[in-house]
K.L.:
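Below you will find the structure I want to go over with you.
In this chain, numbering begins with 1 at the start of the sequence shown. Numbering of ligands and ligand atoms starts at 1, following listing order. Reckoned from all heavy atoms, side chains included, excluding hydrogens, waters and symmetry mates.
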Amino acid sequence: MVDSPPRDRLPRHVGIIMDGNGRWARARGLPREDGHERGADSVRTVVRAARKVGVEALTLFAFSSQNWDRPHEEVFHLMELLRRYLVQEREEILGNGIRLVTVGDSERLPPYVRAPLVELMSASAENRDMVLCLALSYGGREMLTKAVREMCRASVAGRLEPNDITVETVESYLDSARILPPLDLLIRTSGEHRISNFFLWETAYAELHFTEKMWPEFDRDDLMIALQDFASRERRFGQTSEQVSRPAATGEGDPGLD
Ligand code: FPP
């Protein structure tokens, strides 16, 4: 069993691009849907493990804006799987102090997914032990486009002066910044080395961890390996190694894990 890193070396916010369900299934002569079913088992395992070691927030890229263009049957199966997950995991989520939130255009989800989603978000709203964020009908470009649209509206209405727009202003228009800590670690399974329109803004200073494992095979130990990898990194945020390794001596604040 792979150990978790010490708590003070843990990422606050982990994002996962859960890739490889289809390939995992095809390699076994199974329909793609079976890969998604097994992928949902990995979701349960990873949520439990992240909560147990003390990760503050976990975002799972469960359905992208572009996934709507997949074959109708696969989209329907993914929606049904999501509905089932929300119903079956309700007690686990509430019993473990997990707060469920979403990013993305969840208005597009069918009512049979939206209803249990909205109910569980509301029922778990006061939970404080971990935030579980499902990225649903989510696209990083779409989110940035929405932010630009809202900023333009605010500007036209006289509430936002273009010269006053800062990085913090833009961030305040992103759903992620309103509900989640900064993204520290991004994991992608299945050997692909791409961001695929996930957290485009949020990955600015995230550490990236890629694994060959397909998502249905990704387990607790794989999460610990990713967390250990993160703990071994030196995060410089544009500064020098000397600056970040001696923050107290230089009086430059703590640019470390937090
Ligand atoms: C990518 O694999 C995965 C998805 C598009 C869906 C992710 C969904 C799950 C893991 C299960 C349901 C989620 C929850 C939260 C219950 P892919 O199909 O693109 O795989 P491939 O690249 O091998 O074809």
K.L.:
Taking everything shown except R141 itself, do over 12 heavy atoms lie less than 6.0 Å from its CZ?
P.N.:
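Open: at most 12 neighbouring heavy atoms sit under 6.0 Å from CZ of R141.
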K.L.:
Is it the side chain (CB and beyond), the backbone, both or neither of W24 that lies under 4.0 Å from ligand 1, heavy atoms counted?
P.N.:
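The answer is neither.
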K.L.:
Report the distance from atom CE of M214 to atom OG of S190, rounding to the nearest 0.5 Å.
P.N.:
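Between M214 CE and S190 OG, I get 5.0 Å after rounding to 0.5 Å.
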K.L.:
Under 4.0 Å from a heavy atom of Y85: which atoms of ligand 1 are those, numbered in the order shown and with their elements?
P.N.:
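Reading through ligand 1 atom by atom, the close ones are 16 (C).
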K.L.:
Which residue is it: S124, S122, C133? I am looking for the one with a side-chain contact (heavy atoms from CB on, under 4.5 Å) to L100.
P.N.:
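Result: among S124, S122, C133, S124 is the only option passing the side-chain contact (heavy atoms from CB on, under 4.5 Å) with L100.
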K.L.:
List the closest protein heavy-atom neighbour of atom 12 (C) of ligand 1: residue, atom name, distance to the nearest 0.1 Å.
P.N.:
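The answer is L81 CD2, 3.9 Å.
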K.L.:
What residue and heavy atom of the protein are closest to atom 14 (C) of ligand 1, and at what distance?
P.N.:
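The closest one turns out to be V43 CG2, 4.1 Å.
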K.L.:
Measure the spacing between CG of L109 and CE of M79 and express it to the nearest 0.5 Å.
P.N.:
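Going from CG on L109 over to CE on M79, the span is 5.5 Å.
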K.L.:
Would you tell me which option among E80, R83, R70, R23 has the nearest heavy-atom contact to atom 19 (O) of ligand 1?
P.N.:
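Closest candidate by heavy-atom distance is R70.
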K.L.:
Which of the listed options, A135, A40, A62, holds the heavy atom that is closest to atom 7 (C) of ligand 1?
P.N.:
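That would be A62.
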K.L.:
With ring centroids as reference points, do F61 and F199 lie under 6.0 angstrom apart?
P.N.:
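No: the rings miss the under 6.0 Å criterion.
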K.L.:
Identify the closest protein heavy atom to atom 11 (C) of ligand 1: which residue and atom is it, and at what distance?
P.N.:
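It is H36 O, 3.7 Å.
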K.L.:
Which residue pairs pass the ring-ring contact (aromatic ring centres under 6.0 Å, His included) test with at least one member in residues 66-95, sequence neighbours excluded?
P.N.:
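Those involving residues 66-95 are F63-W68.
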K.L.:
In the protein, what heavy atom is nearest to atom 9 (C) of ligand 1, and what distance, to one decimal place, separates them?
P.N.:
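Going atom by atom, the protein heavy atom closest to atom 9 (C) of ligand 1 ends up being N21 ND2, 3.7 Å.
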K.L.:
Decide whether an N or O pair under 3.5 Å exists between W215 and ligand 1.
P.N.:
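No, W215 has no N/O under 3.5 Å of an N/O on ligand 1.
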K.L.:
Heavy-atom pairs closer than 4.0 Å: do any link ligand 1 to the side chain of R32, the backbone, both, or neither?
P.N.:
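Answer for R32: side chain.
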K.L.:
I want to know if ligand 1 touches F61 in the polar sense, i.e. an N/O pair below 3.5 angstrom.
P.N.:
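By distance alone, the answer is no.
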K.L.:
Report the nearest protein non-hydrogen atom to atom 5 (C) of ligand 1: residue, atom name, distance rounded to 0.1 Å.
P.N.:
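For this ligand atom, the closest protein heavy atom is N67 OD1, 3.5 Å.
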K.L.:
Between M121 and M130, is there a shared hydrophobic cluster once you connect ILVMFWY residues whose side-chain heavy atoms come closer than 4.5 Å?
P.N.:
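As far as the 4.5 Å side-chain criterion goes, M130 and M121 are connected within one cluster.
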K.L.:
What is the minimum heavy-atom distance between R194 and R188, and which atoms define it?
P.N.:
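In this case the closest contact between R194 and R188 is O-NH1, 2.8 Å.
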K.L.:
For atom 1 (C) of ligand 1, what is the closest protein heavy atom, and at what distance to 0.1 Å?
P.N.:
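For atom 1 (C) of ligand 1, the nearest protein heavy atom comes out as M18 O, 3.2 Å.
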K.L.:
When hydrophobic residues are tied together by side-chain contacts of less than 4.5 Å, even through go-betweens, does L186 share a cluster with M143?
P.N.:
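Shared cluster, yes.
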